[in-house]
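Here's the structure we're looking at; comments come further down.
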Amino acid sequence: MEAFVVLLPLFGAMLSMPVGRAFGVRAAQYLTTGVMAVTALYAWALFFDVTSAFGGASNPRTIDLFTWVASGDFVATWSVRLDALSAVMLIVINSVSFLVHMYSIGYMKEYGEQPRFFAYLSLFTFAMLTLVTADNLLQLFFGWEGVGLASYLLIGFWFKKKSANDAAIKAFVVNRVGDFGFALGIMCIFYVFRTIEFDAILDAVRANAVVAPFGYDAGAPVRELTITFLGGEHHALTVIGLLLFIGAMGKSAQFVLHTWLPDAMEGPTPVSALIHAATMVTAGVFLVCRMSAIYEYAPDAALVVTLIGGITAFFAATVGLLQDDIKKIIAYSTCSQLGYMFFAAGVGAYDAAMFHLFTHAFFKALLFLGAGAVIIGMHHEQDIKKMGGVRDLMPFTHMLMIIGTIAITGVGVPGFYLFGAPLGTAGFVSKDIVIEGAFAAAEAGRALAFFAFVMGILAAVLTSFYSWRLIFLTFWGRSRAPEEVRKHPHAVPDAMMIPLAPLAIGALAAGMAFYGDFVGKKSEAFWDGALYFSAAGHAAEEAHGEAGYGADAHGAPAAGSGEKPAYADDKASKEEHHVPGWVLWAPFWAMLAGLVGASWHYMRGDPLRPGLLRPGGMIYGFLKNAWYFDRIYDVVIVKPALAFGRFLWKTGDGKTIDGVGPDGVAAIVAAGARRMVKLQSGYVYHYAFAMLVGIAIFVTFILLRAGGGQ
């Protein structure tokens, strides 16, 4: 039965277009949405069955469906892996997908080809579910590439629009760069471990088992093993960790490979909420957390994860300051929040990373879908500078967007608890734990953890500023919209507004409700071995005076812990770790600083007046153009690649290969034919003359032969 949680969306995708043709658009919409409703309910049922959430009993399991690939030592089984990590992803994916399907019934009302759109949504959901329930890296890679294909189809859904096609191609190509590294990582894992099954790989790392890569006469403990890569000897787990993270960087739009994410807003708004807020872009975080045991014993790889995550959190927040497209502001916010998740994983706080992933799904989907309602209501206008006063036209949407904003900026009361959980919005609870975890890891000596902490605080200030800037310019003040829009705002269907209510509830309460299980006292029992726990991984306990596990300078379990996993209940290895009170309050003051700054600028006088960063300035241009990454890539990569391709086409293929080969031979034959044609004039006397000449030559030849014979 468990397989249906993955297969039902596939059935919906397969049936959407045939049902739409046979019974109409409504039938296709209701079919796919109904299927997702059933899948979402089943996902929640499995979540409570598999995990120990709210005092339940943990019951992880793997259901093997069939042997997919078997070639020598390479065996891959198609399975449904159900543990705490996959169960969390199941409820995130299916819940958001169901609400997006429902929302799309209203949003896509005025657009054609709805059955195709709903088929793509369901196909994407199936691919994502395949990814998170995989029991081996090959099945995960299948889902990984599946969501890449589905996102290409959804971003370029309006395929007659050039910008949409360009954005879809850009997303596809940039992700292929990361996926190349991911594929190498899978090959490297099989080379080292002789298997791609998660349990076998992670158990070997936890136990420091002796492994013998292909071609090695003798094995070595996997934590000390070195392999030859790119002409040198390197630590095997570090190589694997870096290659896997390259794939995660592409899928999760991290610094350097982030450029596809803002352009992906060319797709319909429901696509942004489904793919680029709650599911596909979190696949990289899921991958790092799934392979957490590897990163715990590959400190250099974890350092890179921390560095890139911290830079991404700050970089994307700076770019979001000056964006005017309502969807691109939220897109850069997504990029920044993903940075938080990655540096949490990099410092060993995998539970905090997954907790922020979980809460982020609620408030980010709420913001995207709320923005879609604004776009529809404002006659498809997306520039917030051309809005203003929208709260009078759309009061319910305004309230929901306020809820999303206080969640993402982290409004709460530091140090105050309600029923054992911090009092605050979902973003307050999860993001603060990420930041506190980074500081605790820095105190434990984890490399670059303090850098991540500082980047997290700075990003929190900027996040608050641009989030409230969006609210003030869009909903408050005088209207800057055309008179026709002010007097006759477009009606927003109820089907678009209903899904926002549960997302708003999640944005407010999900952090408090799930705090204890995800990162609190019950976290180890909840995750039940699905995540690797180290001292830094107990960010919540450390921050609030509870015990954390002993760790070495890298945050990995101390040498000598031997065969026992670091998440085991080893009382003797516990040490007390606390974070100072100012660390607990730092995210709150960062949020308040951004709010005050945005209020001071946009709530006094003309909100469009130049601020500290004036148009035409160097810093303004630097941020407005997203640190010039697109231009740099265009100059360094795109144009040289086009020039090289054109050279190969015109000179290599056209002049050389075709010129010497097929075209050259053809030209010789054609030239010979043209000369031969001249002998065929069509005049009878020419042919008679030729016959006479031929007869004369023949007779002469005979006579000469006869004379020679005498």
Side-chain angles (χ1 to χ4, degrees), residues 262 313-337 363 367 370-371 374-375 378 381-395 397-412 425 427-428 431 454-481 486 585-627:
F314 176 73
F315 152 75
T318 63
V319 176
L321 293 174
L322 298 177
Q323 297 299 310
D324 298 326
D325 186 312
I326 188 171
K327 289 171 64 176
K328 285 195 174 183
I329 295 172
I330 304 173
Y332 278 110
S333 171
T334 298
C335 193
S336 180
Q337 297 303 309
F363 57 75
L367 288 170
V374 171
I375 293 168
M378 298 302 290
E381 180 59 66
Q382 295 186 201
D383 190 342
I384 60 175
K385 288 186 175 180
K386 298 179 181 179
M387 297 183 186
V390 177
R391 68 175 176 176
D392 297 327
L393 304 175
M394 308 176 69
T397 303
H398 169 246
M399 180 184 70
L400 294 172
M401 289 292 284
I402 289 289
I403 291 174
T405 300
I406 64 174
I408 193 173
T409 57
V411 174
T425 60
F428 166 79
K431 185 165 67 176
V454 173
M455 291 294 100
I457 294 296
L458 293 176
V461 177
L462 301 177
T463 298
S464 180
F465 184 91
Y466 68 67
S467 296
W468 287 109
R469 172 180 178 264
L470 184 153
I471 294 295
F472 296 150
L473 287 181
T474 303
F475 293 97
W476 293 21
R478 65 176 182 83
S479 177
R480 297 176 297 278
R486 292 198 305 268
W585 281 88
F588 175 82
W589 293 117
M591 175 275 297
L592 203 58
L595 171 59
V596 170
S599 301
W600 181 82
H601 182 78
Y602 295 104
M603 298 302 292
R604 296 169 55 254
D606 181 10
L608 300 185
R609 70 184 186 279
L612 294 176
L613 301 177
R614 296 177 176 272
M618 184 178 0
I619 298 179
Y620 181 92
F622 183 68
L623 298 182
K624 190 73 172 176
N625 290 280
W627 292 25

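- Contact between C335 and A316 at its shortest, heavy atoms only, is CB-CB, 3.7 Å.
- Looking at heavy atoms from C-beta onward, V411 lies in side-chain contact with M591 at the 4.5 angstrom threshold.
- Note that the CD1 atom of I329 and the OH atom of Y466 stand 9.5 Å from one another [nearest 0.5 Å].
- In terms of modelled atom types and a separation under 3.5 Å, the side chain of S464 and the main chain of A460 share no donor-acceptor contact.
- Applying the side chain to side chain donor-acceptor pair (under 3.5 Å) criterion to W627, with sequence neighbours excluded, gives T318.
- Between the CG atom of L367 and the CD1 atom of I330 there is a distance of 5.0 Å, given to the nearest 0.5 Å.
- Summarising the geometry, atom CE belonging to M394 is positioned 14.5 Å from atom CZ belonging to R391; distances are rounded to the nearest 0.5 Å.
- Every ring-ring contact (aromatic ring centres under 6.0 Å, His included) that F472 has, sequence neighbours left out, goes to W468, W476.
- Considering all non-hydrogen atoms of both residues, Q323 and L623 come closest at NE2-O, 4.3 Å.
- Between T409 and L595 the shortest side-chain heavy-atom distance does not fall below 4.5 Å.
- Between the S479 side chain and the G389 main chain, no donor and acceptor come within less than 3.5 Å of each other.
- Across all their heavy atoms, A459 and S336 have their closest contact at CB-OG, 4.2 Å.
- Minimum heavy-atom separation, R480 to I384: NH2-O, 3.1 Å.
- Rounded to the nearest 0.5 Å, atoms NZ (K386) and CG (L473) are 14.0 Å apart.
- Here the straight-line distance linking atom CE of M455 with atom CD1 of I457 works out to 10.5 Å at 0.5 Å rounding.
- Applying the salt bridge (Lys or Arg N to Asp or Glu O under 4.0 Å) test to every pair with at least one member in residues 467-477, sequence neighbours left out, gives these pairs: D324-R469.
- With hydrogens and angles disregarded, a donor-acceptor distance shorter than 3.5 Å links the side chain of K431 to the backbone of I408.
- More than 12 non-hydrogen atoms from other residues, nucleotides or ligands lie less than 6.0 angstrom from CG of L608.
- Summarising the geometry of M378 relative to L393, their closest heavy-atom pair is SD-CD1, 4.4 Å, with the distance given to 0.1 Å.
- Each of T397, D383, V374 was checked for a side-chain contact (heavy atoms from CB on, under 4.5 Å) with T474, and the lone residue meeting it is V374.
- Atoms OG1 and CZ, from T463 and F314 in turn, are 11.0 Å apart once rounded to the nearest 0.5 Å.
- Taking a 6.0 Å sphere around CH2 of W585, one finds it holds more than 12 heavy atoms contributed by other residues, nucleotides or ligands.
- Scanning all heavy atoms of the two residues, the minimum distance from A407 to F363 falls at CB-CB, 3.6 Å.
- For K624 (side chain) and L322 (main-chain N/O), a donor-acceptor pair under 3.5 Å exists by modelled atom type.
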